[in-house]
Amino acid sequence: MKMLSLCILFFSSAFAFSQKIALLDKELKKPILYTDSLTLEQVTSNLVAIPVDALDTLMSNLKAIKSLLSNNLQRAKMKSFMMRSGASELKVTTVAHAYGDSYEINLVTNLNEINSTYQFASHTNLNKGNIKRIDKFMAYLQNASALFNKKYVEMTPRYLQVEVYQ
């Protein structure tokens with residue numbers, strides 16, 4: 001009986017506290033780490049935290065932003081907007097130039113009152129370079145295909161807190 005209760009306790013704790021947070025290397029070189037809680041040391045050691053259950057939404061949002069970047073001669077008509085993926089937010093700010101827009105794109109995740117940030121794009125870089133950076137990030141995530149639901153369906157992104165040009 002004692003052995004049975006120990007087995008139940010072990011297996012219930014293993015499944016009840018499954019991996020909830022993915023810690024990604026900002027240089028996209030080291031493998032993804034998984035944890036149940038986030039510490040300040042993890043964020044300051046060049047890692048960005050993303051909730052595992054929000055990765056599907058993040059991928060869909062990144063695809064929408066990638067298509068926005070590829071339309072470099074078309075104006076976005078938005079000064080800034082935000083896209084949310086669980087506890088993570090993609091904050092996009094448009095910088096108008098004479099021959100198309102460039103963007104500041106930052107991923108900010110707030111978990112346990114700790115913010116971790118990752119810069120996807122800088123307005124000082126060309127949009128083609130920023131697209132390559134987003135592609136590299138998406139490939140890094142797709143290499144960890146176990147993170148994604150097998151019944152994954154493409155989601156329609158929602159633009160939040162949109163500020164338009166007047």
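By convention here, the first residue in the shown sequence is residue 1.
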Pairwise side-chain contact, [X] with [Y], heavy-atom cut-off 4.5 Å (strictly under):
X      : Y      : result
Phe81  : Leu68  : yes
Ile21  : Tyr34  : no
Thr35  : Leu23  : yes
Ser80  : Val92  : no
Leu47  : Val43  : no
Leu58  : Ser88  : no
Ser102 : Asn127 : yes
Ser122 : Glu104 : yes

Open item on the list: If we check side chain to side chain contact (heavy atoms under 4.5 Å, CB included) with Leu107, which of these qualifies: Leu62, Asn61, Leu24, Leu90?
Closed with: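 Of all the options given, the one that passes is Leu90.
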
Within this structure, what is the [atom1]-[atom2] distance for the pair [X] and [Y], rounded to the nearest 0.5 Å?
X      : Y      : atom1 : atom2 : result
Ile32  : Leu141 : CD1   : CG    : 5.5 Å
Lys66  : Arg133 : NZ    : CZ    : 15.0 Å
Glu41  : Ile114 : CD    : CD1   : 8.0 Å
Gln42  : Ser37  : CD    : OG    : 6.5 Å
Thr109 : Asn115 : OG1   : CG    : 8.5 Å
Asn110 : Leu38  : CG    : CG    : 9.5 Å

Open item on the list: Holding to salt bridge (Lys or Arg N to Asp or Glu O under 4.0 Å), I want the full list of residues that pass it with Asp53, two or more places apart in sequence or in another chain.
Closed with: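 Salt bridge (Lys or Arg N to Asp or Glu O under 4.0 Å) list for Asp53, sorted by chain: empty.
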
Open item on the list: Can you list everything that forms a salt bridge (Lys or Arg N to Asp or Glu O under 4.0 Å) with Glu89? Sequence neighbours excluded, please.
Closed with: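 By the salt bridge (Lys or Arg N to Asp or Glu O under 4.0 Å) rule, Glu89 matches Arg84, Lys91.
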
Could I get the full list of side-chain contact (heavy atoms from CB on, under 4.5 Å) partners for [X], not counting sequence neighbours?
X      : value
Glu27  : Asp25, Lys29, Asn46
Ala121 : Ile105, Asn130
Leu28  : Tyr118, Lys136, Phe137, Tyr140
Thr117 : Lys26, Val108

TODO: Verify the distance criterion only: is there a donor paired with an acceptor across the side chains of Thr57 and Ser85 at less than 3.5 Å?
DONE: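 Side chains of Thr57 and Ser85: no pair found under 3.5 Å.
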
